[in-house]
2 protein chains.
Amino acid sequence: MLNYSTSEENYIKAIFHLQGEGSVNTNKLAAELKTRPASVTDMMKKLRDKKLVHYQAYKGFRLTTEGKKLALLIIRRHRLWEFFLAEKLRFSWDEVHEVAEDLEHVSSKKLVDKLDEYLGFPRFDPHGDPIPDANGKIEPTKQVCLTDLALNKPGIVCYVSDQSTEMLELLSHKNIGMGTRLEIKKRFQFDQSLEIRVKQQTETISEVLARNIYVKI
Amino acid sequence: MLNYSTSEENYIKAIFHLQGEGSVNTNKLAAELKTRPASVTDMMKKLRDKKLVHYQAYKGFRLTTEGKKLALLIIRRHRLWEFFLAEKLRFSWDEVHEVAEDLEHVSSKKLVDKLDEYLGFPRFDPHGDPIPDANGKIEPTKQVCLTDLALNKPGIVCYVSDQSTEMLELLSHKNIGMGTRLEIKKRFQFDQSLEIRVKQQTETISEVLARNIYVKI
DNA sequence: GCATTTTTTTAGGTTTGTCTAAAAATATAT
DNA sequence: ATATATTTTTAGACAAACCTAAAAAAATGC
Ligand SMILES: [Mn+2]
Ligand SMILES: [Mn+2]
Ligand SMILES: [Mn+2]
Ligand SMILES: [Mn+2]
């Protein structure tokens, strides 16, 4: 595997993430990377020449097999460092991302694989996202309804089936959004309501609400 | 402390190291960094504007107080990472430098200080070089060159001044590493070579090699 | 002291990654 | 279908960090 610049790696990773939610275009990628559409076009030409993305002017773009492989390697590094920071250095889980954003670009293969081994081959980062193994293989994440989440097992909110204003208002009042990490602390038999831990706070969720929330585990 | 580029940091560190052995000039620094004199001049102007070096055209240069502080911070990061790689990830002591060369540029203050704490505030890196503390303070080490060690007096290897692969290969062949305990058994007047006792074995050390080995007594 | 050599700087150019402004292509709405 | 709006690309510029070749300054040798 060749060596790529920090910038190239950040583009590849961003395309990979956007690809998960449909087609990737110039403006979306520019927004994601906080850069300008013109810069994206420039980079897409370069990444196309390096055979990391399929790209034709005006036709959008997506990663090649090689590009996907690279993306998974960068994500592997990122999430392993996040795990290290949280587990070993006792960073809180909302502080790890920024630092991992830099560490992920240190490219020594031996460093990454030894780190993985040292950490005991963890399968999920502190946000609950799966860590690709040395071959770039990712454990398929299971998505379960909040009503089915086990006690004291972290889940990441990834989908809400009702997206009415009323629903979203209630969610934001309880500090819950897409990507929010939560844990069920208590499940009351009487009304199936839940007491959950979210962002260092405790909230109560009715069964009706819980039925509409899905989490990654 | 502001943020500096990888390039600026490498220059600052190189000046610091060269400053230890006399005055620093354009050609020496270019050689040290494997770059061209013209590039050095460009960078010196920039570092002068950032008040990290004292510099006037044709008059050589040296670090300002601020520059020295930055150099010690970079060296702190470098040596802490080297310690981490050797101690936790079981890298051999001749593999750590290259990777630390990249890791040293990740600038999060919190990362460095937490890493220091996690490692138990080590005072020496795997090559026996002292690790600056969070205030940039370095422990003064009392050590003597192997050429000056008395006969039959034990010494602990704590530093090698040449850290090239060739040197490290020779040392490991002779079973000598950081922390190795040894004793000089005989000193030959003809070529100043030494016969030493190390790990129940006898080895011969040339004067050239001995000059590069330092021991704690 | 003056000529020669060495060191250092300047001048001008390249690559990478960014930007703004304008032009071109595509999508949308009546 | 055509006008309008949006998206994307091109053109041209800029800063960082490097380069080569030439000029200038400093050091050295006689
Ligand atoms: Mn990054
Ligand atoms: Mn994460
Ligand atoms: Mn470095
Ligand atoms: Mn070292």
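Order of the sequence lines fixes the chain letters, A, B, ..., with proteins taken first and strands second; residue numbering starts at 1 for each chain.
When rounded to the nearest whole Å, the span between CG of A:Asn3 and C1' of C:dT16 equals 16 Å. Following rounding to the nearest Å, A:Asp42 (CG) and D:dT10 (P) show an atom-to-atom distance of 9 Å. Rounded to an integer number of Å, the gap from CE of B:Met43 to C1' of C:dT9 is 16 Å. Rounded to whole Å, atom P of C:dT8 lies 12 Å from atom CE of B:Met44. As rounded to whole Å, 12 Å separates atom C1' of C:dA25 from atom OH of A:Tyr55. The nearest whole Å value for the distance from the CG atom in B:Asp49 to the P atom in D:dA15 is 14 Å. Taking atom CG of B:Leu29 as the reference point, atom P of D:dC18 lies 11 Å away to the nearest angstrom. Summarising the geometry, the separation between OH on B:Tyr11 and C1' on D:dC18 is reported as 8 Å, rounded to the nearest angstrom.
Between A:Tyr118 and B:Phe84, the angle of the ring planes goes over 60°, which puts this pair in the perpendicular group of the 30/60° scheme.
Note on B:Thr26: a side-chain N or O is less than 4.0 Å away from OP1 or OP2 of C:dT9. Contact annotation: A:Ser7 does not reach the phosphate of C:dT16 (side-chain N/O to OP1 or OP2, under 4.0 Å). Proximity of A:Thr35 to the phosphate of C:dC19: a side-chain N or O atom is located under 4.0 Å from OP1 or OP2. Between B:Asn27 and C:dT8 there is a side-chain polar atom (N or O) within less than 4.0 angstrom of OP1 or OP2.
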Look for any protein N or O under 3.5 Å of an N or O in nucleotides 23-27 of chain D and output each such pair with its distance, or none.
residue, atom, partner, partner atom, Å
D:dA25, O4', B:Tyr58, OH, 3.4

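In this structure, B:Lys13 pairs ionically with B:Glu104, as a charged nitrogen and a carboxylate oxygen lie closer than 4.0 Å. A salt bridge links A:Glu139 with A:Arg123; the closest basic N to acidic carboxylate O contact falls under 4.0 Å. Look at A:Glu95 and B:Lys114 and you find no salt bridge, because none of the NZ, NE, NH1 or NH2 atoms lies under 4.0 Å from a carboxylate O. Look at A:Asp129 and A:Lys216 and you find a salt bridge, because one of the NZ, NE, NH1 or NH2 atoms lies within 4.0 Å of a carboxylate O, short of that distance. Contact check on B:Arg76 versus B:Asp113 returns a salt bridge, with a Lys/Arg side-chain nitrogen under 4.0 Å from an Asp/Glu carboxylate oxygen. We find that A:Glu21 and A:Lys28 are not joined by a salt bridge, their nearest charged nitrogen and carboxylate oxygen being 4.0 Å or further apart.
Listed nucleotides C:dT20, C:dT18, D:dC18 differ in distance to A:Ala38; the shortest reach to its side chain belongs to C:dT20.
Using a 4.0 Å heavy-atom cutoff across all strands shown, B:Lys45 reaches sugar-phosphate atoms only and no base atom. Looking at heavy-atom distances under 4.0 Å, A:Phe61 makes no contact with the nucleic acid at all. Within 4.0 Å of B:Ser39, counting heavy atoms only, lies at least one base atom of the nucleic acid. Residue A:Thr41 is in base contact, counting any heavy-atom pair closer than 4.0 Å across all strands shown.
Closest-nucleotide positions on DNA chain C for B:Asn25 and A:Arg36 were compared, and the one nearer the 5' end corresponds to B:Asn25.
Separation of the A:Phe61 and A:Tyr11 ring centroids does not fall under the 6.0 Å cut-off.
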